[in-house]
2 protein chains.
Amino acid sequence: MGVTIKDIAKLANVSHTTVSRALNNSPLIKENTKRKIIEIANQLNYSPDVHARSLVLQKSYTIGLFLTRLSNGTSSSFLAETIKGVNSVIDENYNLYVRGIQDFQDFSAITRKRFDGIILMSQSDIDNAFIYHVLEKEIPLVVLNRQVEERSIVNVLSNDQEGVYEAINLFIENGHRNIALIEGTSHFRSSQERKEGYIKALIDFKLPILQEYMVKGNYDMESGYKAMKKLLALENPPTAVFCSNDDMAIGAMKAVNDAGLFVGADFSIIGFDDIGFSEYTSPALTTVKRPIEKISMVGAQKLLQLMDDVIEENEPIYLTTNLVKRQSVVDLNKKNS
Amino acid sequence: MGVTIKDIAKLANVSHTTVSRALNNSPLIKENTKRKIIEIANQLNYSPDVHARSLVLQKSYTIGLFLTRLSNGTSSSFLAETIKGVNSVIDENYNLYVRGIQDFQDFSAITRKRFDGIILMSQSDIDNAFIYHVLEKEIPLVVLNRQVEERSIVNVLSNDQEGVYEAINLFIENGHRNIALIEGTSHFRSSQERKEGYIKALIDFKLPILQEYMVKGNYDMESGYKAMKKLLALENPPTAVFCSNDDMAIGAMKAVNDAGLFVGADFSIIGFDDIGFSEYTSPALTTVKRPIEKISMVGAQKLLQLMDDVIEENEPIYLTTNLVKRQSVVDLNKKNS
DNA sequence: TTAATAAATGTTCACGTGTGCATTAATTTT
DNA sequence: AAAATTAATGCACACGTGAACATTTATTAA
């Protein structure tokens with residue numbers, strides 16, 4: 001069924017070794033025979049057996065892209081941008097495997113032989129166990145999106161705290177004092193980071209920190225909707241709300257509309273991520289752009305380097321967030337004048 | 001570095017064959033020795049070399065999930081739902097390989113040895129070349145989302161035409177007569193299917209087919225926005241627009257808003273797909289739900305069957321679309337009475 | 001107890017590729 | 001032209017696993 005180098009060898013009247021060398025463009029082989037062998041190989045439509053090659057070379061030509069999970073709590077745009085980013089960097093010769101960590105019963109299948117390198121888009125510290133496993137197996141590893149204490153790991157992430165701080169700052173500049181927060185999934189590190197940015201800003205600007213202004217969500221639209229309902233039902237509702245991601249912001253906008261209010265006129269909202277839809281909501285959503293695709297690209301590049309040179313500049317790489325101002329924030333200064 | 005069955009064999013004082021059989025739970029081995037061997041294997045943290053195993057068993061434990069492309073023209077939700085659907089069916093023992101066909105220079109790397117089976121989420125007939133290649137290599141293949149003439153291929157898709165027909169029907173029931181269409185990417189089969197549904201409905205209800213009411217888009221939000229601008233600028237603009245996917249519908253809604261009109265009050269829009277956001281637009285978007293995740297799940301299940309039994313019931317499997325009525329369609333009958 | 005049978009384990013080879021070393025062919029040097 | 005050197009190719013083995021066949025050990029039948 002499958003054509004092997006031995007078949008080619010017979011036809012070319014040489015040993016399989018010569019064929020192997022010729023196809024790998026070894027300088028040991030005469031140009032003449034090289035050409036002849038390559039021609040025969042093409043004619044027979046030969047393609048090497050990856051498993052045999054991997055077995056002898058101890059290399060799998062496979063890169064594993066892992067996320068904490070693929071469903072529940074991972075938004076579509078997040079997943080898609082991650083894959084697109086990595087995919088754009090990894091060339092055709094490499095295989096790209098995508099899986100959720102939570103789908104694994106145990107990690108025995110994650111071995112050095114199987115993966116030349118691993119990229120982890122980490123959303124929660126529940127995948128620390130995975131990280132330790134990968135480290136123990138000495139597989140080159142890049143962790144994205146979440147700070148990891150191990151200094152030996154290449155770490156690429158965005159500075160969420162600063163991004164949120166900037167967002168709250170914008171609210172304050174526009175005259176807001178009653179600023180609420182809708183939080184992300186509780187055990188996700190990103191949720192905590194963003195909450196800290198919120199609190200830090202409030203402290204710096206000497207605003208009170210109110211428990212009732214911090215409502216839990218889980219990063220999906222429905223939770224944003226519900227959280228906003230709660231906020232609107234308060235005795236002293238906020239005038240502005242920061243949502244820990246855009247999905248929840250969109251849910252929140254819906255809740256505001258349902259209450260007969262207009263975002264951008266009566267109520268202010270800022271989101272986080274800048275997913276594609278943010279530009280097309282009504283009104284367009286002001287949000288903190290998080291460069292997920294960029295993070296994935298940089299991470300993939302770093303992994304390729306790591307697999308080659310074993311570089312050891314293990315400083316975490318921070319990519320900056322970017323406040324994208326659109327129409328969902330009311331300027332109270334103007335309004336009251 | 002890596003523990004092999006030979007290492008285990010030495011420690012257990014047996015041959016490597018016995019170890020191999022014990023770990024594969026062969027009935028030939030005494031329970032006693034089995035237990036002993038398994039214990040040693042666990043202790044050494046043994047895990048088999050996939051490449052060696054694949055080489056001898058001629059099986060890769062790898063399933064390839066291919067899309068026409070990963071970027072440009074593939075929306076995030078589409079990509080994400082496809083992966084989630086397949087992932088939920090394929091168990092831990094299989095590797096899931098994800099790539100865009102357009103990323104390949106040639107298909108020499110797509111071999112029977114490398115993939116036990118392939119799922120193609122096909123968006124365009126430009127991947128026919130890929131399909132033929134896979135067929136020629138005799139790799140089990142399931143094509144999703146696009147009808148393929150080859151009867152030997154397992155084919156799972158939704159009946160887009162009917163879905164669109166139903167949508168246009170809803171417009172007409174609500175008193176609309178000037179109904180426009182925003183088309184998807186021109187060479188995508190889905191674009192044509194949906195356009196045919198639109199035209200068929202107009203013919204059946206004896207409405208005129210106007211060129212100026214059929215505007216080209218490319219499935220992204222911006223193209224929907226621009227297309228709607230064009231429609232609104234017409235001398236005799238439509239009262240209702242069917243958009244070939246939700247992304248464009250969201251862009252279109254934005255254009256309507258920008259023109260000072262209100263969707264659901266002055267203007268009617270229906271989309272296609274029912275992506276997560278559709279429920280949260282203002283007003284909530286009426287749309288034709290396309291079961292992408294379901295299609296992917298069914299396709300993956302079919303592939304697993306195909307890999308085992310070589311089933312040959314090659315009837316295309318149609319999953320029905322579902323009109324989800326929300327608030328983006330105006331009832332002109334009520335309005336005028 | 002011995003022969004016949006069944007159960008358990010071992011020997012050897014195959015899968016397809018790449019590489020160290022040996023060998024042969026071609027070229028250069030003297 | 002013969003010797004020394006270099007270029008080109010072949011031989012044999014390794015990678016880790018699984019399976020057909022051979023062999024040994026345990027069990028049952030006579």
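Order of the sequence lines fixes the chain letters, A, B, ..., with proteins taken first and strands second; residue numbering starts at 1 for each chain. Predicted model, so just to flag it, every value in this text is computed and none were measured.
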Practice task
Calculate the interatomic distance between B/K34 atom NZ and C/dA7 atom C1'; express it in whole Å.
Solution key: 13 Å
Practice task
Go through residues 15-33 of chain A and report each residue with a non-hydrogen atom lying under 4.0 Å from DNA chain C, sorted by number.
Solution key: A/H16, A/T17, A/S20, A/R21, A/N24
Handout entry: Salt bridge flag under 4.0 Å for residues A/E193 and A/R189
Key = yes
Problem - Whole angstrom value for the distance that separates P of C/dC15 from CG of A/L57 - result: 20 Å
Exercise for the section: Have a look at the helix from C/dT1-D/dA30 to C/dT30-D/dA1 and give the angle its two end axes make, five pairs each, rounded to 10 degrees. Expected result: 50°
Problem - Lys/Arg-Asp/Glu bridge criterion (N-O < 4.0 Å) met for B/E81, B/K84 - result: no
Practice task
Sort and list the pairs that fulfil ring pair (Phe, Tyr, Trp, His ring centres under 6.0 Å) and have at least one residue in residues 19-52 of chain A, not counting sequence neighbours.
Solution key: none
Handout entry: Terminal contacting nucleotides, 5' and 3', DNA chain D versus chain B (heavy atom, 4.0 Å)
Key = D/dG16 to D/dC21
Fill in the blank from the handout: Of all heavy-atom pairs linking B/G2 and B/D7, the shortest is O-OD2, 3.8 Å
Practice task
Go through A/E39 and A/K36 one step at a time and tell me if the salt bridge (charged side-chain N to carboxylate O under 4.0 Å, His left out) criterion holds.
Solution key: CA-CA 5 Å; A/E39 171 144 4; A/K36 189 175 68 179; over 6 Å; no
Handout entry: Close approaches to DNA chain D from residues 41-56 of chain A, in residue order (heavy atom, under 4.0 Å)
Key = A/L55, A/V56
Problem - salt_bridge(A/R146, A/D125) N-O dist < 4.0 Å - result: no
Practice task
Please work out which of the three classes, parallel, tilted or perpendicular, describes the rings of B/F66 and B/F104, given edges at 30° and 60°.
Solution key: tilted
Problem - Test log, rule side chain to side chain contact (heavy atoms under 4.5 Å, CB included), inputs B/V142 and B/I153 - result: CA-CA 6 Å; B/V142 172; B/I153 300 175; over 6 Å; no
Exercise for the section: Ignoring hydrogens and angles, tell me if any N or O in the side chain of A/T185 forms a donor-acceptor pair with the backbone of A/H187 under 3.5 Å. Expected result: no
Practice task
Using modelled atom types only, decide if a donor and an acceptor are shared between the side chain of A/S296 and the backbone of A/I292 within a distance under 3.5 Å.
Solution key: yes
Practice task
Please list, chain by chain and in numerical order, all residues satisfying ring-ring contact (aromatic ring centres under 6.0 Å, His included) with A/Y219, sequence neighbours excluded.
Solution key: none
Exercise for the section: Assert yes or no for the condition that the ring centre distance of A/F115 to A/Y61 is strictly below 6.0 Å. Expected result: no
Exercise for the section: May I ask you to decide whether A/D103 forms a salt bridge with A/R69, counting only side-chain N to carboxylate O separations under 4.0 Å? Expected result: no
Completion exercise
B/R112 atom CZ is separated from C/dC15 atom P, nearest whole Å, by 17 Å
Completion exercise
The residue, B/Q58 or B/V14, whose nearest nucleotide of DNA chain C is more 5′ is B/V14
